[in-house]
J.: 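The structure that follows is given in the form of structure tokens.
This one's a predicted model, so the numbers in the text were calculated from it and none came from an experiment.
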Amino acid sequence: MLEVSISIVISDRYLVKDLNFTLNKGDKLAIIGEEGNGKSTLLKVLLGNCSYAKVEGNINYHQYKLGYLAQTLTDNRKVIDYLFSEEEDYYNNLNELYKHLKALELHDTILNQLVNNLSGGEKVKLGLLKLLLDKSDILLLDEPTNDLDIKTLTWLENFINKTSKPIIFVSHDEVLLTKTANMILHLEQLRKKTTCRHTFMRTCYEDYVKMRLNSLDKQSQLAKNEARNYYKQQAKLNKIMQIVENKQNTITRKDPHGAKVLKKKMHTLKAQEKRLNKTELLEKPDVEERINLTFEQVTIPQSKVILNLNLPALSIDDRLLAVDIKLEIIGNQHVAIIGENGVGKSTLLKKIYHELQKRQDIKVGYMPQNYDEVLNNYENALAFLTANTSKEMVTKARLYLGNMHFTQAEMLGKISDLSNGSKAKLILMKLVMEHYDCLVLDEPTRNISPLSSPVVRQALKDYTGVIISVSHDRKYLEEVIDSVYLLTSKGLEKKTLYDV
């Protein structure tokens with residue numbers, strides 16, 4: 001259905017080189033890779049809507065219609081006008097519309113709301129609804145899981161698995177990747193982002209990760225064994241050459257035959273050394289190194305009351321979201337708040353953050369859902385990390401940025417040019433550097449690649465301070481969180497992970 005044979009160049013640098021694949025009915029291709037490696041760019045190229053990249057090669061659509069779900073949705077119109085350009089289209093698709101509204105668990109009152117007033121999760125659902133109504137043959141989904149609640153994530157997994165339409169999608173949700181992908185395209189940038197590489201395999205995500213790690217381990221071990229044998233041979237040869245050289249220095253002119261024998265021996269040894277030096281050793285595997293993120297230890301007494309929230313009502317723009325919200329956190333708990341899209345989780349988290357800021361005995365760090373809330377006032381990444389700090393912290397900040405694979409250009413370039421994943425990493429670095437007692441995190445793993453997410457989760461799991469977060473990342477909830485609370489219009493209800 002879709003045949004691809006392309007290379008993508010940006011600013012004289014290959015983002016993708018000699019990529020070839022065919023997409024057929026039932027194929028579910030997941031594109032993975034670190035932030036800034038070209039995943040979204042590749043989707044835009046396939047769509048024929050990428051003005052900033054030079055494309056070499058061919059894309060054959062065979063007259064099939066492509067549907068595209070972008071990362072963000074901004075539109076000043078009402079939902080019904082966004083979905084249908086003509087009133088006639090609305091009536092012709094009425095049955096389809098209500099069928100999909102029900103499947104997405106959207107009420108028809110959403111049709112008269114403004115698109116820009118919807119929550120992040122509602123916008124993702126709306127984008128999916130638009131694709132379903134447009135009857136696209138091939139679906140391109142850029143981060144479809146962003147901001148989706150767990151119930152809708154489950155629906156999305158079922159939809160991807162049941163539809164026969166080919167789908168190409170970018171996602172950071174490891175559970176979604178594991179349950180849906182049957183093809184993997186891994187984009188990498190090596191040697192400080194100067195060289196690109198891609199790996200394409202017709203297999204599931206879990207098997208790809210296992211095969212990749214096994215291959216890297218095997219190649220690393222072979223390279224290590226070969227290097228060990230090489231240096232052992234070199235040491236043995238050097239020892240023999242040293243013995244022969246010592247004998248040459250001590251032999252007398254009275255033994256010209258012995259001197260001749262030693263000279264011939266040394267000539268043979270030199271030839272062996274020359275051959276040994278020409279040996280091409282197996283190189284260690286050239287891969288993108290994993291990011292490095294570790295929080296320093298903080299001490300929170302187990303009996304210390306961190307939060308005792310009693311909120312009669314939670315509202316936004318005069319709209320009542322929930323009532324009777326109570327939340328008590330004692331000691332160094334790791335807490336997550338879950339709930340349906342639009343119920344007010346981010347609004348509640350901000351209130352919790354502002355409440356904790358009043359405390360003099362606790363230092364609180366915050367990661368908002370909209371990263372620009374904390375990044376907009378800074379010129380570049382380095383300026384953000386070193387604001388109001390000593391000169392020594394500049395060196396430390398550069399080290400942190402290097403550990404998170406920021407290039408020099410990314411360190412000093414405009415923050416607005418960074419990908420959402422890089423912005424997320426930048427805020428996480430700030431949280432590490434500031435040694436906070438409590439972290440208030442809104443979807444901390446949302447834009448982190450599935451290859452880096454395990455590192456972030458481990459760092460947060462090992463963090464000895466308090467975590468109060470909003471998340472629908474099922475791996476994060478399972479590995480990092482002690483207590484889960486479900487936010488509904490009636491308040492907070494404690495849940496177990498088995499209920500999630």
J.: Using a 3.5 Å cut-off and no angle test, enumerate the donor-acceptor pairs between side-chain atoms of residues 66-85 and protein atoms at least two apart in sequence or in another chain.
T.:
residue : atom : partner : partner atom : Å
Q71     : OE1  : N420    : ND2          : 3.4
Q71     : NE2  : S40     : OG           : 3.0
Q71     : NE2  : D142    : OD1          : 3.4
D75     : OD1  : R77     : N            : 2.9
D75     : OD1  : R77     : NE           : 3.0
D75     : OD2  : R77     : NE           : 3.4
D75     : OD2  : R77     : NH2          : 2.9
N76     : OD1  : N116    : ND2          : 2.7
R77     : NH1  : D81     : O            : 3.3
S85     : OG   : D89     : OD2          : 3.4

J.: How are the rings of Y208 and H186 set to each other: parallel, tilted or perpendicular (split at 30° and 60°)?
T.: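 Perpendicular, since the angle between the ring planes exceeds 60°.
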
J.: Would one find more than 12 heavy atoms of other residues, nucleotides or ligands at under 6.0 Å from atom CD of E379?
T.: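 12 or below, so no.
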
J.: Is there a donor in the side chain of E157 and an acceptor in the side chain of T180, or the other way round, less than 3.5 Å apart?
T.: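 No pair is found: no donor N or O on one side chain lies under 3.5 Å from an acceptor on the other.
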
J.: For the residue pair S453 / K475, report whether a side-chain donor-acceptor contact shorter than 3.5 Å exists.
T.: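 Short answer, no.
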
J.: Using 0.5 Å steps for rounding, measure from the CG atom of L176 to the OG1 atom of T154.
T.: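 Output value for this atom pair is 10.0 Å.
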
J.: Over all heavy atoms of both residues, which pair between L441 and L349 is shortest? Give the atoms and the distance, please.
T.: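 What the structure gives for the nearest pair is O-CD2, 3.4 Å.
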
J.: Just how far is it from atom CG of L460 to atom CD1 of I467, taken to the nearest 0.5 Å?
T.: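 Between atom CG of L460 and atom CD1 of I467 there are 4.5 Å.
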
J.: Please say which of K414, E410, Q408 ends up in a side chain to side chain contact (heavy atoms under 4.5 Å, CB included) with L412.
T.: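 That would be Q408; it is the only one of K414, E410, Q408 passing the side chain to side chain contact (heavy atoms under 4.5 Å, CB included) with L412.
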
J.: Hey, does the side chain of K363 reach the backbone of H435 with a donor-acceptor pair shorter than 3.5 angstrom?
T.: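 Flag not set: sc K363 to bb H435 has no pair under 3.5 Å.
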
J.: Hey, does the side chain of S315 reach the backbone of L321 with a donor-acceptor pair shorter than 3.5 angstrom?
T.: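 No; zero donor-acceptor contacts below 3.5 Å.
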
J.: Measuring from K102:NZ to D108:CG, what's the distance to the nearest 0.5 Å?
T.: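 K102 NZ to D108 CG: 13.0 Å, rounded to 0.5 Å.
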
J.: Is it the case that the side chain of K165 and the backbone of L139 share a donor-acceptor pair, with hydrogens and angles ignored and the cut-off at 3.5 Å?
T.: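 No; zero donor-acceptor contacts below 3.5 Å.
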
J.: Is it the case that K430 places NZ or CZ above or below the six-membered ring of F384, under 6.0 angstrom from the centre and within 45 degrees of the axis?
T.: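 Judged by the rule (NZ or CZ under 6.0 Å from the ring centre, within 45° of its axis), K430 counts as positioned above F384.
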
J.: Would you give the length of the straight line joining atom CG of L486 to atom NZ of K494, rounded to the nearest 0.5 angstrom?
T.: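 With rounding to 0.5 Å, CG (L486) is 13.5 Å from NZ (K494).
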
J.: Any salt bridge between K423 and D372, counting N to O under 4.0 Å?
T.: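 The answer is yes: the pair qualifies as a salt bridge.
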
J.: Taking the basic N atoms (NZ, or NE/NH1/NH2) and the acidic carboxylate oxygens, is any pair closer than 4.0 Å for E493 and K495?
T.: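 Yes, charged N to carboxylate O under 4.0 Å.
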
J.: Quick one: does H100's side chain have a donor or acceptor within less than 3.5 Å of a partner on L129's backbone?
T.: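 A pair under 3.5 Å: no.
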
J.: Between K99 and E96, is there a side-chain N and carboxylate O pair less than 4.0 Å apart?
T.: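 Salt bridge flag = yes for E96 with K99.
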
J.: What's the separation between atom OG in S164 and atom CG in D27, rounded to the nearest 0.5 Å?
T.: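 Those atoms lie 11.0 Å apart.
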
J.: Quiz question: by atom type and distance under 3.5 Å, do the side chains of E34 and S452 form a donor-acceptor pair?
T.: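 Yes - a donor-acceptor pair under 3.5 Å links their side chains.
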
J.: Any ion pair linking K345 and D149 (charged N to carboxylate O, less than 4.0 Å)?
T.: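 Here D149 does not pair with K345 in a salt bridge, since their nearest N and O are not under 4.0 Å apart.
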
J.: Determine whether more than 12 heavy atoms belonging to other residues, nucleotides or ligands lie under 6.0 Å from atom CG of N95.
T.: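 Counting other residues, nucleotides and ligands, CG of N95 stays at 12 neighbours or fewer.
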
J.: Can you tell me if E206 has over 12 outside heavy atoms packed within less than 6.0 Å of its CD?
T.: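 For E206, atom CD is not crowded (no more than 12 foreign heavy atoms under 6.0 Å).
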
J.: Find the distance between CG (L382) and CG (L401) and round it off to the nearest 0.5 Å.
T.: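 The CG atom of L382 sits 6.5 Å away from the CG atom of L401.
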
